[in-house]
Chemist: 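My questions will all concern the structure given below.
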Amino acid sequence: METRKRLEIIIESMAQRRACTILEEVGVTGYTVFYALAGYGRGQRWSRDTDISDASDMVMIVSISDEATINSACERLMKLLSRQMGVLSVSDVAVMRPEQF
Amino acid sequence: METRKRLEIIIESMAQRRACTILEEVGVTGYTVFYALAGYGRGQRWSRDTDISDASDMVMIVSISDEATINSACERLMKLLSRQMGVLSVSDVAVMRPEQF
Amino acid sequence: METRKRLEIIIESMAQRRACTILEEVGVTGYTVFYALAGYGRGQRWSRDTDISDASDMVMIVSISDEATINSACERLMKLLSRQMGVLSVSDVAVMRPEQF
Amino acid sequence: MNTDLIIATIVSPVVLFFILGLVAALLRSQMTIPEAFAKGLAIYLMMSIGLKGGVAMSQSELTLELGLVMLAAGTLSFLLPVIAFAALRLTTGLGRIDAAATAAHYGSISIVTFVAATQALTFVGLTSDGYLVAAAALMETPAIISALIIVGMKRRTTGEASAASTGTEAQDRGELFREVLLNASIVVLVGALAIGWITGERGIAAVAPFFVAPFQGVLCLFLLDMGLAAGKGLRRGWRELKPGTLAFAIYMPLISASIATGVCALLGLSAGNAALLITLAASASYIAVPAAMRLALPEARPSIYLTLSLGVTFPFNITLGIPLYIMLGQWVGA
Amino acid sequence: MNTDLIIATIVSPVVLFFILGLVAALLRSQMTIPEAFAKGLAIYLMMSIGLKGGVAMSQSELTLELGLVMLAAGTLSFLLPVIAFAALRLTTGLGRIDAAATAAHYGSISIVTFVAATQALTFVGLTSDGYLVAAAALMETPAIISALIIVGMKRRTTGEASAASTGTEAQDRGELFREVLLNASIVVLVGALAIGWITGERGIAAVAPFFVAPFQGVLCLFLLDMGLAAGKGLRRGWRELKPGTLAFAIYMPLISASIATGVCALLGLSAGNAALLITLAASASYIAVPAAMRLALPEARPSIYLTLSLGVTFPFNITLGIPLYIMLGQWVGA
Amino acid sequence: MNTDLIIATIVSPVVLFFILGLVAALLRSQMTIPEAFAKGLAIYLMMSIGLKGGVAMSQSELTLELGLVMLAAGTLSFLLPVIAFAALRLTTGLGRIDAAATAAHYGSISIVTFVAATQALTFVGLTSDGYLVAAAALMETPAIISALIIVGMKRRTTGEASAASTGTEAQDRGELFREVLLNASIVVLVGALAIGWITGERGIAAVAPFFVAPFQGVLCLFLLDMGLAAGKGLRRGWRELKPGTLAFAIYMPLISASIATGVCALLGLSAGNAALLITLAASASYIAVPAAMRLALPEARPSIYLTLSLGVTFPFNITLGIPLYIMLGQWVGA
Ligand SMILES: Nc1ncnc2c1ncn2[C@@H]1O[C@H](COP(=O)(O)O)[C@@H](O)[C@H]1O
Ligand SMILES: Nc1ncnc2c1ncn2[C@@H]1O[C@H](COP(=O)(O)O)[C@@H](O)[C@H]1O
Ligand SMILES: Nc1ncnc2c1ncn2[C@@H]1O[C@H](COP(=O)(O)O)[C@@H](O)[C@H]1O
Ligand code: NA
Ligand code: NA
Ligand code: NA
């Protein structure tokens, strides 16, 4: 198995499209979006089922890719995250078919 | 990038509030909850769409924080998990804005 | 805390059952399935809410287990993934109750 | 035996859709009804039941009977778990906590079973009073408290620490309290009852095309979903539960029904009201109580109580049970 | 004072279900209505409102009045944020961006408030024209543009970079444009309006059993959900927002209503039409505008504008506001 | 040419809402209808279609005609994929597996197209028999088997390993079997048909306010969602698929319709029944077959078959196709 990077962005859903566009532009081979149900940050709880507007919904975007691609994604994503709510983290993962990423 | 810890708790949704309260009390800056669709444990499958009661639903809670905070969260969460269904794991992640966590 | 492996499979939902059966057969103690909302791969975006058929839906399956079990799961899952859409990755995690996995 | 009533009950679209779901699940069809949609329907059903009950109550006097029935309902819910617990401990190998948690389900009620009985009443030309909906809402909770007392007493006598006493006890208690008294079914049922009672016939006329006319159809859709869930539970149950435990899910409703029949005789209820109170006593919870048990008695295994109440008792009740309870109601009814 | 109207408004099932949700949330009940179900209901409501408005429009001439009302509606939506912004800057400690984002909400509209007013009109025997639905759709957007201009002007004068100017500006602009002009409420409302207008009374006869008769009932279910959301917002709001900020959510609707009353007098609208235009002006957005603000002014804090518009203004409007706006309409109406 | 029929078909609310969704998606509006809600509606629609068909069947004799139509329907579903496969291989550059998977869609059916045709029949005063619903359910599956045989034969002749032969073959086969024969549309359609047939007119009277009256309105909501999906598919399709491949999605329904017209002539069907059987033959699946193909032929690319069947054939059928098929039915009908 070879090592790749796993990028995980938890970001407000209204900014999902912007984050995804960045990922596509830096050239990741793929990503997947999951939606969050609830959360907590800066002392405030939110929950998808009780907040009637989409404004507080969050999603998680996961993308597995090589280090260089993830690094350039991170740089641009941090700019986005300086304005939109969310957090970003990167971890090491082993993959079986490295040519896929 | 600096290193932080990523705590991932997969826990029954009825205990979500208890787990979240623990996280808030130990002082994580944030967490996000996702809901699980189905799963398997102790030889039994469950699925959100066919189990009419909420009793078997699970959620995943993800929190990124510094090691000390995660460690104290783990200790209290393990007590909770000794009674409620679920699993807990911690991994290393790199973050770009360490002051955020 | 001891180290275990966290297997993460992002796979089309129609193949979920096949992947889960493999996990059960190689003997993981548990897994949890999450559903994806949207994604991107091979230049194409998909989204659960606008694709009326289930054919493009993806799910994420997470399983925490010991290295040997995860390795044998990976081998069989790679065969499945050679035909079905999806990606697989493995990372290290620390767990508090190693006997659980 | 009134076989016509049994046939009419089973050959109604509502029950047939339940059977369809049950059979599909037993054949391992992978069809599902999305949880969000099913939960939405459940809320609709409770609003409708509450509203209709409230309007009915607004049209009749608040009599002594009403007060007595409420008292009886609460007492049944509180005491039936004791009998259920004893039965489970005597006839099955279930541990104390599993037995207490299961017992709570049989003291509490199933609102869908209640509604199905209301429909079936019309086959035999019986009517019932609106306040039975209030009795149904009232019976949701005492059984839970009863089960907790059973476990607590046993714990005290054996010197164990109570489950709730670890962690931040006060918080957990508050959460449990809210879950038990302010869960969706109680909030919606009691709230809609009050709204129906306040606004009366005239007030709900505007919403009747949504809450009254389509009700039975929505029930069909909901019961299709319940059939899928029950079938899945049943498939799992056969393998895991012993015959003795499964038998409990059949004879316990009959015990509860017998006791409730006695109570109805004492109160001198009409046949329709009696049939419904007997049905409530005989029905078992599969939504509110399981959730509360995960909070209050997390050591109890959900696969046991869910299989029994949803996989066995519910199907039994809506096919054979209801005709029986109606006959009991007719027999005892004033 | 017309206390009958106030009572009739509040004691309708729709408002009572809102209050039920509000109270449940304030008591910290954990009940929820699944988001997917509530969103489905929202789309249903907008389809129904649009269709009925379109059919009504197809039955009347396109007069000069219609054109003038549209113009007035658009202008109100565009200018009310200026007043709201000034009021917020003068009376609260909110920063420019928070104030502008909040102001946008008060220029835009709440379609549920509009519908509730339409229902309440019937209590006093007033009727209104179908084109008011078009006016409602038209008022969704100008307020957003107005707020962006307010922020942009301030930015230019202070030499700051505009929020939208970082990143891929053109793309962001396109996305914002689509979000603002092609969001679900506008697409469905305007689309259904057109469909109702094209097919007319005869065309929608076949769909009336779904879109007309059950409408009020569905509204009850939706308002239960809104009550839960408003209650949660309110609970949070008490702690975080200053009294002055909370007061804005009450007096701003009154300012908007006064201005709109003047406009109605100028236009010589009928009492019913006037009441609805006044209600639109006084209502505040809690779905479309918050989403647009996350795109256009992400620095603004949603907890402020959501608490104000959903937690305070909406409850105020559907209980006390609507009777007042109807009275204003009656007073000014031709 | 019957332009009145074409206009009546297109200017119905159902089709107009489809077009609204289509246009919104083509303009890249980000509006969506939550999947859980849309799936719930789909189940409702199939229950309703099944029930009404079943009741209609319960009122007529089981004649020889019924048996022959079933036979013809099954045969059409089984053989049309052969023609579709040949056409795709001859006129497009698609590989064997993509061609076979796409062919399966065109042998199978679209229940929404069927329903739209049923509605349109009323414009020309035609009626049809309830058993056509059974024919629809019957036509879902044979096309899938046919496609698998086509691929299997080719594979055997070229000596390749079949896709299904890797892994745990027996299990996969069981899963495929359940997916193909016990998927939601077949379970609900056949189940509701049986329930309607068993309970008859009297039985479903109680559920008619839910399953009959609001049906067309729900269909509007569902078609809005389908329009959004089709528009998205179409936008993607223009870029990726060659004109020859896209053309297939128009001419294949016409081929199927012609063949079915011949079959109807042979069987001597009434104009209404003929129109529906022709429509079934001409319609293409976009829910059940894509799912089955992901299990049975995962190497086939979903973007091809989904774009063709949902993005091109479905819009064509519900606007121009249905009037044409009705005219064919009238022309051939006894
Ligand atoms: N590198 C990746 N990281 C995360 N998700 C991926 C990745 N590649 C593919 N996916 C997911 O798998 C789906 C199918 O991808 P593909 O097989 O590349 O067409 C995509 O739509 C994504 O949801
Ligand atoms: N440390 C964290 N770990 C996981 N999720 C987080 C974290 N911080 C914030 N979030 C998520 O991001 C949302 C917005 O956070 P904030 O930007 O801090 O208000 C929260 O409601 C959480 O859902
Ligand atoms: N090793 C594991 N990895 C991921 N999820 C797990 C694991 N074990 C248990 N789970 C989840 O936790 C639920 C309850 O597990 P258990 O407590 O083992 O019955 C399962 O149904 C899974 O959803
Ligand atoms: Na009971
Ligand atoms: Na306004
Ligand atoms: Na076909």
Side-chain angles (χ1 to χ4, degrees), chain D residues 7-45 48 115-116 118-123 208-225 227-228 231 235, chain F residues 33-48 50-51 54-55 171 174-215 217-218 287-288 291-292 295:
Chain D
I7 291 170
T9 306
I10 296 180
V11 185
S12 70
V14 171
V15 174
L16 289 174
F17 274 109
F18 176 79
I19 293 173
L20 175 62
L22 195 78
V23 170
L26 290 176
L27 293 175
R28 298 171 61 197
S29 162
Q30 306 193 23
M31 86 157 280
T32 57
I33 294 179
E35 184 197 31
F37 193 74
K39 280 197 175 169
L41 296 186
I43 290 171
Y44 163 87
L45 293 173
S48 171
V115 159
T118 314
Q119 316 279 3
L121 277 186
T122 62
F123 299 142
F210 180 64
F211 284 119
V212 179
F215 181 81
Q216 284 221 44
V218 177
L219 200 58
C220 289
L221 193 36
F222 192 72
L223 275 170
L224 176 60
D225 191 40
L228 291 167
R235 223 171 61 212
Chain F
I33 294 179
E35 183 197 32
F37 193 74
K39 280 197 175 170
L41 296 186
I43 290 171
Y44 163 87
L45 292 174
M46 290 181 300
M47 284 173 89
S48 171
L51 276 176
V55 171
Q171 270 188 11
E175 192 192 359
L176 181 60
F177 173 84
R178 278 194 297 277
E179 183 62 37
V180 164
L181 291 182
L182 294 175
N183 66 47
S185 31
I186 293 186
V187 165
V188 176
L189 216 50
V190 174
L193 196 79
I195 292 171
W197 191 69
I198 293 170
T199 61
E201 183 80 56
R202 223 165 44 108
I204 78 145
V207 299
F210 180 64
F211 284 119
V212 179
F215 181 82
V218 179
I287 295 186
L295 285 176

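Residue numbering restarts at 1 for every chain, and letters A, B, ... go by the order of the sequence lines. All heavy atoms count here, side chains included; hydrogens, waters and symmetry mates do not.
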Chemist: For each of Val218(D), Val11(D), Ile33(D), tally heavy-atom pairs with chain F at distances under 4.5 Å, and name the one with the top tally.
Modeler: Val218(D)
Chemist: What part of Phe211(F) lies closer than 4.5 angstrom to a heavy atom of chain D: side chain, backbone, both or neither?
Modeler: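 The answer is the side chain of Phe211(F).
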Chemist: Pro214(D), Cys220(D), Ser12(D): which one forms the most heavy-atom pairs within less than 4.5 Å of chain F?
Modeler: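 So the answer, after comparing Pro214(D), Cys220(D), Ser12(D), is Pro214(D).
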Chemist: In terms of heavy-atom proximity below 4.5 Å to chain F, should Ala213(D) be classed as side chain, backbone, both, or neither?
Modeler: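 For Ala213(D), heavy atoms of backbone and side chain both lie under 4.5 Å from chain F.
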Chemist: With a 4.5 angstrom heavy-atom cut-off, which part of Leu51(F) approaches chain D: side chain, backbone, both or neither?
Modeler: side chain
Chemist: Thr199(F) side chain to Pro13(D) main-chain N or O, any donor-acceptor pair under 3.5 Å?
Modeler: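 Here the side-chain-to-backbone pair does not exist.
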Chemist: Would you mind checking which part of Leu41(D) comes under 4.5 Å of any heavy atom in chain F, side chain (CB onward), backbone (N, CA, C, O), both or neither?
Modeler: neither
Chemist: Quick one: closest heavy-atom pair of Ile43(F) and Met31(D), and the distance?
Modeler: CD1-CE, 4.3 Å
Chemist: Side chain from CB out, backbone as N, CA, C, O: work out which of these in Phe215(D) comes under 4.5 Å of a heavy atom of chain F, or both, or neither.
Modeler: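 For Phe215(D), neither part sits under 4.5 Å from chain F.
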Chemist: Does any part of the side chain of Leu221(D), heavy atoms only, come nearer than 4.5 Å to the side chain of Phe210(F), both counted from C-beta?
Modeler: yes
Chemist: Considering all heavy atoms of both residues, which atom of Ala192(F) and which atom of Leu20(D) are nearest to each other, and what is their separation?
Modeler: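 For Ala192(F) versus Leu20(D), the nearest heavy atoms are N-CD2, 4.3 Å.
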Chemist: How far does CG of Leu27(D) sit from CG of Leu181(F), to the nearest 0.5 angstrom?
Modeler: 10.5 Å
